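FYI, side chains are in, hydrogens and waters are out, and symmetry mates aren't considered; it's all heavy atoms of this structure. Nothing fancy with the numbering, it's 1 onward along the sequence. Because the structure is predicted, anything quoted here is derived from the model rather than measured.
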Amino acid sequence: MGGATTLLPVVSKTFCSNSQTVLMIRKRPRNINGGGFVVMNTNQHIVFAVDGCGVLGVSGECMIRDGDGNSLLVIRRKGGVLQALSFNDQWRGYLMEYELPSKLVFSLHEQKSRIMMNSSTTRIYIEPKKNKSWDFEVRGSFLERACIIRDRRGNVVAEVGKKDMMASKEFYVVVVQPSYDQAFVVAVIAILDYINGESTRC
(Lines give C-alpha, C1' and ligand atoms only; values in the text may rest on other atoms or scores of the structure.)
Protein backbone atom coordinates (compact mmCIF):
# COMPACT_ATOMS: atom_id res chain seq x y z
CA MET A 1 0.00 0.00 0.00
CA GLY A 2 1.24 3.50 -0.82
CA GLY A 3 1.66 6.24 1.73
CA ALA A 4 -0.83 9.05 2.23
CA THR A 5 -0.66 11.94 -0.22
CA THR A 6 0.95 15.07 1.20
CA LEU A 7 -1.56 17.92 0.91
CA LEU A 8 -0.25 21.26 -0.34
CA PRO A 9 -2.74 23.93 0.79
CA VAL A 10 -2.49 27.61 -0.10
CA VAL A 11 -6.02 28.61 0.94
CA SER A 12 -6.98 25.57 3.05
CA LYS A 13 -6.42 21.79 3.12
CA THR A 14 -10.23 21.57 2.90
CA PHE A 15 -9.83 22.23 -0.83
CA CYS A 16 -7.11 19.62 -1.39
CA SER A 17 -7.97 16.11 -2.57
CA ASN A 18 -6.05 12.83 -2.54
CA SER A 19 -7.22 12.16 -6.09
CA GLN A 20 -7.33 14.00 -9.40
CA THR A 21 -10.25 16.42 -9.57
CA VAL A 22 -12.09 17.61 -12.66
CA LEU A 23 -13.64 21.08 -12.37
CA MET A 24 -16.05 22.42 -15.00
CA ILE A 25 -16.13 26.19 -15.47
CA ARG A 26 -19.14 28.00 -16.88
CA LYS A 27 -19.01 31.75 -17.50
CA ARG A 28 -21.98 33.88 -16.41
CA PRO A 29 -23.40 36.49 -18.81
CA ARG A 30 -22.47 40.05 -17.86
CA ASN A 31 -25.88 41.43 -18.78
CA ILE A 32 -27.77 38.96 -16.56
CA ASN A 33 -25.58 37.90 -13.64
CA GLY A 34 -22.91 40.58 -13.73
CA GLY A 35 -20.32 38.24 -15.22
CA GLY A 36 -17.82 36.08 -13.39
CA PHE A 37 -18.12 32.31 -13.49
CA VAL A 38 -19.21 29.25 -11.55
CA VAL A 39 -17.15 26.11 -10.96
CA MET A 40 -18.86 22.72 -10.83
CA ASN A 41 -17.70 19.21 -10.03
CA THR A 42 -18.48 16.19 -12.22
CA ASN A 43 -21.84 15.82 -10.43
CA GLN A 44 -22.67 19.35 -11.62
CA HIS A 45 -22.73 20.71 -8.07
CA ILE A 46 -21.37 24.24 -7.69
CA VAL A 47 -18.19 24.10 -5.61
CA PHE A 48 -16.86 27.63 -6.23
CA ALA A 49 -18.14 30.90 -7.68
CA VAL A 50 -16.12 33.90 -8.84
CA ASP A 51 -17.48 37.44 -8.79
CA GLY A 52 -15.71 40.11 -10.81
CA CYS A 53 -16.09 43.78 -11.58
CA GLY A 54 -19.68 43.45 -12.83
CA VAL A 55 -20.85 42.12 -9.46
CA LEU A 56 -18.45 43.87 -7.07
CA GLY A 57 -18.52 47.23 -8.86
CA VAL A 58 -14.76 47.60 -8.36
CA SER A 59 -12.22 47.45 -11.17
CA GLY A 60 -9.22 45.17 -10.67
CA GLU A 61 -10.83 42.98 -8.04
CA CYS A 62 -12.31 39.46 -7.87
CA MET A 63 -13.97 37.48 -5.09
CA ILE A 64 -13.69 33.69 -4.76
CA ARG A 65 -16.57 32.00 -2.91
CA ASP A 66 -17.20 28.41 -1.92
CA GLY A 67 -20.26 26.42 -3.00
CA ASP A 68 -22.29 27.84 -0.11
CA GLY A 69 -21.51 31.44 -1.07
CA ASN A 70 -18.98 32.05 1.71
CA SER A 71 -16.14 34.44 0.82
CA LEU A 72 -12.78 32.66 0.65
CA LEU A 73 -10.39 34.99 -1.15
CA VAL A 74 -10.35 38.52 -2.47
CA ILE A 75 -7.93 39.21 -5.31
CA ARG A 76 -6.73 42.73 -5.99
CA ARG A 77 -4.56 44.22 -8.69
CA LYS A 78 -1.79 46.27 -7.13
CA GLY A 79 -1.89 49.97 -7.99
CA GLY A 80 0.15 53.07 -7.29
CA VAL A 81 2.88 55.04 -9.06
CA LEU A 82 5.60 52.44 -8.59
CA GLN A 83 3.35 49.72 -9.98
CA ALA A 84 2.50 51.92 -12.98
CA LEU A 85 6.22 52.21 -13.76
CA SER A 86 6.87 48.50 -13.28
CA PHE A 87 7.29 46.02 -16.14
CA ASN A 88 4.88 43.66 -14.36
CA ASP A 89 1.25 43.78 -13.30
CA GLN A 90 0.93 42.35 -9.83
CA TRP A 91 -2.12 40.68 -8.31
CA ARG A 92 -2.48 39.75 -4.64
CA GLY A 93 -4.72 37.13 -3.04
CA TYR A 94 -5.95 37.67 0.52
CA LEU A 95 -7.84 35.24 2.74
CA MET A 96 -11.23 36.51 3.86
CA GLU A 97 -12.15 36.44 7.55
CA TYR A 98 -15.47 37.83 8.81
CA GLU A 99 -16.05 39.27 5.30
CA LEU A 100 -12.81 41.30 5.47
CA PRO A 101 -9.42 40.72 3.80
CA SER A 102 -6.84 39.40 6.22
CA LYS A 103 -3.74 37.36 5.38
CA LEU A 104 -1.88 37.74 2.08
CA VAL A 105 -1.34 34.21 0.74
CA PHE A 106 -0.04 34.65 -2.82
CA SER A 107 0.92 37.16 -5.47
CA LEU A 108 0.88 36.76 -9.25
CA HIS A 109 3.17 38.69 -11.60
CA GLU A 110 2.31 39.15 -15.28
CA GLN A 111 4.52 41.03 -17.75
CA LYS A 112 2.77 44.08 -19.20
CA SER A 113 4.55 44.27 -22.53
CA ARG A 114 3.61 41.67 -25.13
CA ILE A 115 6.97 42.39 -26.79
CA MET A 116 8.80 41.14 -23.68
CA MET A 117 6.66 38.05 -23.19
CA ASN A 118 8.12 34.56 -23.47
CA SER A 119 6.66 31.15 -22.69
CA SER A 120 6.81 31.58 -18.92
CA THR A 121 6.02 35.17 -17.93
CA THR A 122 3.18 34.57 -15.50
CA ARG A 123 4.66 33.58 -12.17
CA ILE A 124 3.15 33.07 -8.75
CA TYR A 125 4.76 33.52 -5.36
CA ILE A 126 3.40 32.02 -2.16
CA GLU A 127 3.42 34.55 0.66
CA PRO A 128 5.33 35.20 2.77
CA LYS A 129 8.16 34.67 0.29
CA LYS A 130 10.74 32.26 1.70
CA ASN A 131 13.13 33.12 -1.12
CA LYS A 132 13.19 35.28 -4.24
CA SER A 133 12.29 32.42 -6.57
CA TRP A 134 8.78 31.83 -7.89
CA ASP A 135 6.66 28.89 -6.68
CA PHE A 136 4.31 28.33 -9.64
CA GLU A 137 4.05 29.49 -13.23
CA VAL A 138 1.49 29.47 -16.04
CA ARG A 139 2.51 28.14 -19.45
CA GLY A 140 0.51 28.09 -22.66
CA SER A 141 -2.49 30.10 -23.83
CA PHE A 142 -5.43 30.71 -21.53
CA LEU A 143 -7.33 32.37 -24.39
CA GLU A 144 -7.10 29.15 -26.37
CA ARG A 145 -8.00 27.10 -23.27
CA ALA A 146 -4.67 25.30 -23.58
CA CYS A 147 -2.46 26.08 -20.60
CA ILE A 148 -1.03 24.52 -17.46
CA ILE A 149 -0.10 25.67 -13.99
CA ARG A 150 3.07 23.97 -12.81
CA ASP A 151 5.31 24.20 -9.77
CA ARG A 152 8.98 25.17 -9.68
CA ARG A 153 10.03 21.52 -10.02
CA GLY A 154 8.06 21.13 -13.24
CA ASN A 155 5.18 19.14 -11.74
CA VAL A 156 1.81 19.88 -13.35
CA VAL A 157 -0.61 21.35 -10.79
CA ALA A 158 -3.60 21.93 -13.08
CA GLU A 159 -4.44 21.93 -16.77
CA VAL A 160 -6.99 24.07 -18.58
CA GLY A 161 -8.44 22.45 -21.67
CA LYS A 162 -11.36 21.47 -23.86
CA LYS A 163 -12.40 17.92 -23.14
CA ASP A 164 -15.42 17.39 -25.39
CA MET A 165 -17.42 18.87 -28.24
CA MET A 166 -19.38 21.09 -25.86
CA ALA A 167 -16.25 22.83 -24.59
CA SER A 168 -15.81 26.48 -25.60
CA LYS A 169 -14.58 29.74 -24.17
CA GLU A 170 -17.86 29.86 -22.23
CA PHE A 171 -17.54 26.33 -20.85
CA TYR A 172 -14.25 24.53 -20.25
CA VAL A 173 -12.53 22.10 -17.91
CA VAL A 174 -9.72 22.40 -15.37
CA VAL A 175 -8.07 19.18 -14.18
CA VAL A 176 -6.39 19.59 -10.78
CA GLN A 177 -3.81 17.02 -9.76
CA PRO A 178 -3.90 15.27 -6.35
CA SER A 179 -2.82 17.20 -3.23
CA TYR A 180 -3.05 20.68 -4.77
CA ASP A 181 -5.40 23.40 -3.52
CA GLN A 182 -8.42 23.73 -5.81
CA ALA A 183 -9.42 27.13 -4.40
CA PHE A 184 -5.95 28.45 -5.23
CA VAL A 185 -6.21 27.07 -8.78
CA VAL A 186 -9.61 28.76 -9.22
CA ALA A 187 -8.09 32.03 -7.99
CA VAL A 188 -5.33 31.82 -10.60
CA ILE A 189 -7.95 31.09 -13.29
CA ALA A 190 -9.92 34.15 -12.13
CA ILE A 191 -6.87 36.38 -12.60
CA LEU A 192 -6.13 34.92 -16.04
CA ASP A 193 -9.78 35.51 -16.96
CA TYR A 194 -9.51 39.17 -15.91
CA ILE A 195 -6.14 39.76 -17.59
CA ASN A 196 -7.55 38.44 -20.85
CA GLY A 197 -10.62 40.69 -20.70
CA GLU A 198 -13.17 37.95 -20.10
CA SER A 199 -16.08 37.44 -17.67
CA THR A 200 -14.60 38.97 -14.50
CA ARG A 201 -13.70 42.25 -16.21
CA CYS A 202 -16.05 45.17 -16.82
Treating Ser102 as the side-chain partner and Leu95 as the backbone partner, does any N or O pair qualify as donor plus acceptor under 3.5 Å? yes

Going from CZ on Arg139 to CD1 on Ile149, what distance comes out if it is rounded to the nearest 0.5 angstrom? 13.5 Å

Smallest separation among heavy atoms of Leu73 and Ala187, with atom names: CD1-CB, 3.8 Å

Are Tyr94 and Val10 co-members of a hydrophobic cluster defined by side-chain heavy atoms under 4.5 Å apart? no

So how far is it from Thr122 OG1 to Ile195 CD1, rounded to the nearest 0.5 Å? 6.0 Å

Under 3.5 Å, which donor-acceptor pairs do the side chains of residues 42-57 form with other protein atoms, sequence neighbours left out?
from, atom 1, to, atom 2, distance (Å)
Asp51, OD1, Arg28, NH2, 2.6
Asp51, OD2, Arg65, NE, 2.8
Asp51, OD2, Arg65, NH2, 3.4

So, does Asp151 use its side chain to make a donor-acceptor pair with the main chain of Arg153 at under 3.5 Å? yes

Heavy-atom pair with the smallest gap, counting every atom of Tyr172 and Gly161: CB-O, 3.8 Å

Within the 4.5 Å heavy-atom criterion, are Val74 and Met63 side-chain neighbours or not? yes

Are the side chains of Val186 and Leu72 in touch, meaning some heavy atoms are under 4.5 Å apart? no

Verify same cluster id: Tyr125, Leu192 (apolar side-chain graph, 4.5 Å): no

Rounded to the nearest 0.5 Å, what's the gap from CD on Gln177 to OG on Ser19? Could you check? 10.5 Å

Could you check whether any side-chain heavy atom of Val176 comes within less than 4.5 Å of a side-chain heavy atom of Phe15, counting everything from C-beta outward? no

Which atom names give the shortest non-hydrogen contact between Ala158 and Val185, and what distance separates them? CB-CG1, 3.8 Å

Rounded to the nearest 0.5 Å, how far apart are OG of Ser71 and CD of Glu97? 12.0 Å

Shared hydrophobic cluster for Val156 and Leu8 (ILVMFWY, side-chain gaps under 4.5 Å): no

Smallest separation among heavy atoms of Gly93 and Leu104, with atom names: O-CD1, 3.5 Å

Taking C-beta and beyond as the side chain, do Leu143 and Glu198 meet within less than 4.5 Å on heavy atoms? yes

Heavy-atom side-chain proximity of Asp181 to Pro9 below 4.5 angstrom: yes

So CG of Leu108 and CZ of Arg77: to nearest 0.5 Å the spacing works out to 12.5 Å

For the atom pair CZ (Phe171) and CD1 (Ile25), what is the distance rounded to the nearest 0.5 Å? 9.5 Å

Modelled atom types, side-chain donor and acceptor of Gln182 and Ser17, under 3.5 Å: no

Set of side-chain hydrogen bond (donor to acceptor under 3.5 Å, both in side chains) partners for Glu61, sequence neighbours left out: Arg76

Determine the minimum heavy-atom distance between Gly140 and Cys147, stating which atoms define it. C-CB, 3.8 Å

Please answer whether the main-chain N or O of Asp66 pairs with a side-chain N or O of Asn70 as donor and acceptor at a distance below 3.5 Å. no

Using the benzene-type ring in the case of Trp, are the ring centres of Phe184 and Phe136 under 6.0 Å apart? yes

Which heavy atom of Ala190 sits nearest a heavy atom of Cys62, and at what distance? O-SG, 4.3 Å

Grouping I, L, V, M, F, W and Y whenever their side-chain heavy atoms are under 4.5 Å apart, do Val157 and Ile189 come out in a common cluster? yes

Determine, step by step, whether Asp193 and Phe142 satisfy the side chain to side chain contact (heavy atoms under 4.5 Å, CB included) criterion, reporting the C-alpha distance in whole Å, the side-chain angles of both residues, the deciding distance to 0.1 Å, and the verdict. CA-CA 8 Å; Asp193 181 282; Phe142 177 77; 4.3 Å; yes

Is any side-chain heavy atom of Phe106 less than 4.5 Å from a side-chain heavy atom of Asp135? no

Do Met24 and Val38 belong together in a cluster built from hydrophobic side chains that touch within less than 4.5 Å? yes

With a sphere of 6.0 Å drawn around CZ of Arg152, does it hold more than 12 non-hydrogen atoms of other residues, nucleotides or ligands? yes

